[in-house]
Amino acid sequence: MSVIIRETRAIEGQKPGTSGLRKKTPVFMQPGYLENFVQAIFNAIDGARGKTFVLGGDGRFFNDRAAQVILKMAAANGAARVIVGQGAILSTPAASHLIRLHQTDGGIILSASHNPGGPDEDFGVKFNTPNGGPAPESVTQAIYEESGRLREYAFFDAADVDLSRIGEIRLGEMIVQVVDPVSDYAAMMEKLFDFAKLRTLFANGFRMRFDAMHAVTGPYATEILEHRLGAAPGTVVNGRPLPDFGGGHPDPNPVWARALMDEMFGPDAPDFGAASDGDGDRNMIVGRGIYVSPSDSLAVLAANAHLAPGYRGGIRGVARSMPTSAAVDRVARALGIACHETPTGWKFFGNLLDAGQVTLCGEESFGTGSDHVREKDGLWAVLLWLNIVAERAESVTEILTIHWREHGRNYYSRHDYEALPAAQAEEVMQALRSRLGSLPGTEVQGMVAEAADDFAYHDPVDGSVSAGQGLRVMFAGGSRLVLRLSGTGTEGATLRLYLEHFVAGPEGLAGDVQATLAPVIAVAEDLAGIARITGRKTPDVIT
Ligand code: VG1
Ligand code: CO
């Protein structure tokens, strides 16, 4: 057993995107590819010597192999300790929690989140900093530069570490500490939420369905919902994590969690439905016969968080990603707290959370979370919803309709055009970009544009500026369209069109979402020409 230095070459394209580095699995499996990126991470943080890291992933294909490689590289780079989930499994929020709990020097999470997994699907690696959050742009840029510069990586030539049993094992000088992936996370949830009240809710016959989509939240949801809260056995479906997620997209939205939607809109629907994604940081909430859009979910959670023990004292501020609807802004105004608008990607919430300026954050892409960790957290959102339902003794439908009556309704939808040729996607972006300057004050198809820009974020905490974060056009009356390119896709380019229309009420609060948004959709086509340029008549995914 010894440390060996292997030669490597600069590998192109190792640029971490919205959420780490994501590529097709065969790309990651090329000799030296994963190793190159991992060495780049260590180099970018001034080495691993003497440091402690957390390691785990969502269990997708190649998770186990990648974990062994990373452990051996950490040992060879002089790390003191790696805390790894049993079987190399950790959900993203659980990893974030462990990084914070043990005050480590960061963590490496293996996941491509909601992207499908398998030998021909996607794999991903992300580095989280000691605050438990995704590396900020300064760090991902440093990783990228290192990946193109380094010429060798260090590897510890030893047999694989047995990650199947909890306990400590030596790998050379390094300690590998195998921990239960669920217990610390579940303990934190018990502190934040009123488990006694939730046990009573379930004991009184409250019925729930949680679709783990054969991804990482299966064991977490089973332990918390069924074992600790007494939800009926079978509440959690697709609870066994599989390396290929059973062949599906572990993406909790009405398209990919179709079975759950059908059940919740069916004749014998349970009281509450939820789903989570590959790595457990996303959530979808569905009531009996009603779908809760993520933007609305964030607003409802902000308005009601004080009903849960962990937020009894109220929330200090909220933040949402720019494309997320302004529903939460209205709640913040009503509560008299600050509301921040950040670029897409959880890493932009980190500074605000660390500075204590915000308590809740959310994105339209089924992500919600709070200052309890530094990642979005799917099960956390589900438990907060349940706690609110239990306290208010109202259904999801009642909670949502009362919310709209009080705050008005931000009709909202996202249209995704996937796997476009990069040049076409750029042409669409350019079509809109070129018109931004002339739009304010003009009328397009009966709608008056009030403002238009390419969103740039000025971080109020560290002063950094992130430009080019999405094109947006704001119309009189609270309608808006946003266009941006995905940073997480692995095939061609994915174009995302975000549409919003505000209705103050009391009339018009129960309309059909796509029909209500039709005028904004028409304006978007007029301005950006998606159908004209790409030939695509309809989006691939509508959420
Ligand atoms: C998407 C979402 C974004 C989210 C990111 C990571 O990014 O739109 O809101 O933060 O995925 O989520 P993009 O660049 O493809 O639009 V996850 O669950 O991968 O960690
Ligand atoms: Co995810």
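In listed order, ligands and their atoms are each counted from 1. Everything numeric here is computed off the predicted structure, so don't read it as measured data.
Under a cutoff of 6.0 Å and an axis angle of 45°, Arg330 and Phe502 form a cation-pi pair. Cation-pi geometry between Arg496 and Tyr498 is not satisfied (NZ or CZ under 6.0 Å from the ring centre, within 45° of the ring normal).
For the pair Lys347 and ligand 1, no heavy-atom separation below 4.0 Å is found. Contact analysis puts Gly345 in contact with ligand 1, with a non-hydrogen atom separation below 4.0 angstrom.
Judged by distance alone, the side chains of His114 and Arg282 do bring a donor and an acceptor atom under 3.5 Å apart.
Between Trp380 and Tyr311, the ring planes are perpendicular. Angles over 60° get that label, and only those under 30° would be called parallel. In this structure, Phe28 and Tyr33 have perpendicular ring planes: the angle between them is above 60°, well past the 30° mark. Ring orientation note: the planes of His249 and Trp256 are close to parallel, at an angle under 30° on the 30°/60° scale. Taking the six-membered ring where the residue is Trp, Phe123 and Phe62 present perpendicular rings, their angle passing 60° and hence far from 30°. Ring orientation note: the planes of Tyr185 and Tyr220 are nearly perpendicular, at an angle over 60° on the 30°/60° scale.
Of the inter-residue distances, the one linking Ser486 atom OG with Tyr417 atom OH reads 15.0 Å to the nearest 0.5 angstrom. We find the OG1-CG distance between Thr368 and Asp377 to be 8.5 Å, quoted to the nearest 0.5 Å.
Atoms OD1 of Asp281 and OD1 of Asp279, as seen from the Co ion (ligand 2), are separated by an angle of 90°, to the nearest 10°. Remark: at the Co ion (ligand 2), atom OG from Ser113 and atom OD2 from Asp277 enclose 90°, rounded to the nearest 10 degrees.
Heavy-atom proximity to atom 12 (O) of ligand 1, evaluated over Lys126, Lys376, His114, is greatest for Lys376. Distances from atom 3 (C) of ligand 1 to the heavy atoms of Gly280, Ser365, Gly487 put Ser365 nearest.
Near Arg496, meaning under 4.0 Å from any of its heavy atoms, are these atoms of ligand 1: 8 (O), 13 (P), 15 (O), 16 (O). Each of the atoms 17 (V), 18 (O), 19 (O), 20 (O) of ligand 1 lies under 4.0 Å from some heavy atom of Ser113. Listed by atom number, the atoms of ligand 1 under 4.0 Å from Arg484 heavy atoms are 13 (P), 14 (O), 16 (O). Residue-ligand proximity, Arg414 to ligand 1, at heavy-atom distances under 4.0 Å covers atoms 8 (O). Close contacts of ligand 1 with Arg22, meaning ligand atoms under 4.0 Å from a residue heavy atom, involve 17 (V), 19 (O), 20 (O).
Not one N, O or S atom of Ser111 sits under 2.8 Å from the Co ion (ligand 2).
An N or O contact shorter than 3.5 Å links Asp277 to ligand 1 by distance.
In terms of protein heavy atoms, atom 7 (O) of ligand 1 is closest to Thr488 CG2, 3.5 Å. Counting only heavy atoms of the protein, atom 20 (O) of ligand 1 lies nearest to Asp281 OD2, 3.1 Å. Annotation: atom 5 (C) of ligand 1 to nearest protein heavy atom, Arg282 NH2, 3.8 Å. For atom 10 (O) of ligand 1, the closest heavy atom belonging to the protein is Glu363 OE1, 2.7 Å.
In summary, Asp122 and Lys23 do not engage in a salt bridge, as defined by a charged side-chain N under 4.0 Å from a carboxylate O.
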